[in-house]
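Positions are given from 1, in the same order as the sequence printed here.
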Amino acid sequence: MSMRRGRTPAVLILIITLTGCGSPTNNPLATGAAAPTGQGAPPARSGQILVGSADFTESALLAEIYVGALKAKGVDAAPKLRIGSREAYLKGMQDGSVQVVPEYTGALSFFYRKDAAETDPDRVLDGLRAALPPNLTVLDRSAAEDKDSITVTRETARTRGLRTVSDLTAVADHMVLGAPDEFKARPQGLPGLAGVYGIVFSRVRTPLTGQAVVQALKHGQIDAANIFTTDPAISAHDFVVLDDDKHLFGTQHIVPLVAKDAANPTVTAALNGVSAALNTEDLRVMLGKVDIDKQDPQSVARQWLQDHHLLGA
């Protein structure tokens, strides 16, 4: 998992964000030197919109959603999936081989602005728009975010009266946290919880990641866990993500990155329609269908579009 902090200097925060510490195929914010693969479409025809993605499931699923929404508006669109790292698909955006990519506001902002320090979602989006190359733009941000969280079981939330991370202040000294090893020292890990919220857990079990941390939380071996907000296990086990009310983990809203010469009114309306409907819970559920139930991503994307009336009559 990558960790982000809203109140530490941006360079410290987002260098960590961009390097990450999770699987390279499941880290929406990593910017390694992975080679491009570019599956899913030949070079674009004249006037065609190619929707690219990074090389992990969530990005590829979002690209399929964008393609479906564009096609529903009569746009000639096709996916170009799993291109590789941020550097690889942004090169495609610059050379015109890709016209649309799903992105994350905080991470993309820092990619272009190493001094980025905003944590308010609207300020982050405004700063990102100002920092983009002149041939690129971002459209409306969605409510969906993929970022670190402190997550508890439904029962723990009920019995301890937990809704926000701030609520942990009075009870964390009687709770055990499960987290990756890096969480102990990184600014938006334990030091951030102590400095921003005044939270100190009675014990921290590390390293716990992936299914290990999920099972430990489910079976009561820990009381809280550091988990990505779009992890399908959250919905599968009815866990509760505590609201990061002091923005320790920054902001990472999903947003369409679009080549300006492709951002005509029809394309803009289609992609903004997706952003208006997409939330974190929906994304968790869809990722569960793809990663856990092994359903076809294109079919999952189409069903979501249909359920949200984005496929037309």
Taking C-beta and beyond as the side chain, do Leu242 and Asp167 meet within less than 4.5 Å on heavy atoms?
no
Identify the heavy atoms of Val67 and Ala78 that sit nearest to each other, and give their distance.
CG2-C, 3.7 Å
Does the side chain of Gln221 reach to within under 4.5 Å of the side chain of Arg205, using non-hydrogen atoms?
yes
Mind checking whether Val138 and Glu103 have side chains closer than 4.5 Å, heavy atoms only?
no
Gln298 atom CD, over 12 foreign heavy atoms within 6.0 Å:
no
State which residue, out of Asp122, Asp126, Asp120, fulfils the salt bridge (charged side-chain N to carboxylate O under 4.0 Å, His left out) condition with Arg141.
Asp122
Answer yes or no: is there a side-chain heavy-atom contact under 4.5 Å between Tyr197 and Ser166?
yes
Does the side chain of Thr119 reach to within under 4.5 Å of the side chain of Val124, using non-hydrogen atoms?
no
Contact check, side chains of Pro256 and Ser275, non-hydrogen atoms, under 4.5 Å:
yes
Establish, yes or no, whether the cationic atom of Lys91 lies under 6.0 Å from the six-membered ring centre of Tyr89 and within 45° of the ring axis.
no
In sequence, state the C-alpha distance, the side-chain angles, and the governing distance for Met175 and Leu162, and then conclude on side chain to side chain contact (heavy atoms under 4.5 Å, CB included).
CA-CA 12 Å; Met175 297 175 67; Leu162 301 177; 4.3 Å; yes
Residue pair Val214 / Ala233: nearest heavy atoms and the distance that separates them
CG2-CB, 3.6 Å
Go through the steps to decide whether Leu62 and Leu283 satisfy the test side chain to side chain contact (heavy atoms under 4.5 Å, CB included), and finish with yes or no.
CA-CA 9 Å; Leu62 289 165; Leu283 192 49; 4.2 Å; yes
Minimum-distance pair of heavy atoms, taken over all atoms of Ser235 and Val285
OG-CG2, 4.1 Å
Is the side chain of Arg113 donor-acceptor paired with the backbone N or O of Leu108 at a distance under 3.5 Å, no angle test?
no
Ala63 versus Gly52, closest heavy-atom pair with distance:
CB-O, 3.7 Å
Looking at Ala225 and Val213, what are the two nearest heavy atoms and their distance?
CB-CG2, 3.6 Å
All heavy atoms of Ile254 vs all of Tyr104, minimum pair found to be CG1-CE2, 3.6 Å
So if I apply the side chain to side chain contact (heavy atoms under 4.5 Å, CB included) rule between Phe183 and each of Val204, Asn226, Thr209, Thr206, which one comes out positive?
Asn226
I need the Met93 CE to Lys260 NZ distance, nearest 0.5 Å.
11.5 Å
Is Lys114 positioned over the aromatic face of Phe111, cation under 6.0 angstrom from the ring centre and no more than 45 degrees off axis?
yes
Compute whether any side-chain donor of one residue and acceptor of the other, for Thr153 and Glu155, lie under 3.5 angstrom apart.
no
